[in-house]
Amino acid sequence: MTRRLLSGLRAGARLLSIEQWLWVLFFALIALVLFATYRAGRSDEAEAEAGRDRVVTTRAAEGRETAAGERAIDTRAVQSRLDERNHDAAQTPDSAPDDRDLRRRCRQLREAGTVGVPACRRFEGAGEAEARP
C-alpha cells in the first residue's frame, strides 16, 4: 500500500516542471504568510476582548460590592426602625388601665373640677376616703 502511494506521488511530481514547482512553492509560502498574519490579528483581537472582559468583570464586581454595602446599610436601618417600633409598642399602655392608674386619673380629674365621668363613679366614695386621712 505504501509503495503504491509513493509511486503515485512520484508520478504526480513528474507532471510539473521545475519552474511550475517553484511557482507552487511561492504561492504556498504566500498562503502561509497570509495565514500567519491572519492568526496574529485574531490573537490581538482576542487579547483586546479579554481586556474588555476583565474591565466589565471588574466593574460588575465593584457594583456587587456597592450593592452589598447598601443592602447592609438598609438592613441596619430597617432593623433600627423595627426595634424602635417594638420599643414604642412596649411603652404604650394597655387598652384598659389597672385600678390604681384609673383611680389616680379620676383623682386628677376631680382636682381639676371635672365631675361625673362614668369610669370614675365607682371610685368617687373611695377618692374622698383617701383624701380625708
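Given the structure is predicted, the values throughout are model-derived calculations rather than measurements.
Atoms CD and CG, on E70 and D74 in that order, are 7.0 Å from each other to the nearest 0.5 Å. Separating the CZ atom in R104 from the CG atom in L109 is a distance of 10.5 Å, to the nearest 0.5 Å. Distance OG1/T75 to CZ/R71: 8.0 Å, rounded to 0.5 Å. Rounding to the nearest 0.5 Å gives a distance of 11.0 Å between OG1 of T57 and CZ of R59.
Side-chain atoms of S80 never come within 3.5 Å of backbone atoms of R76 as a donor-acceptor pair (strictly under, hydrogens ignored).
No side-chain heavy atom of R105 sits under 4.5 Å from any side-chain heavy atom of V117. E111 has its side chain within reach of R107: a pair of non-hydrogen atoms, C-beta onward, lies under 4.5 Å apart.
Classification of the Y38-F35 ring pair by plane angle, with boundaries at 30° and 60°, yields tilted.
Linking Ile, Leu, Val, Met, Phe, Trp and Tyr whenever their side-chain heavy atoms come within less than 4.5 Å puts F26 and L34 in one cluster.
Heavy-atom neighbours of Q20 CD from other residues, nucleotides or ligands within 6.0 Å: above the threshold of 12.
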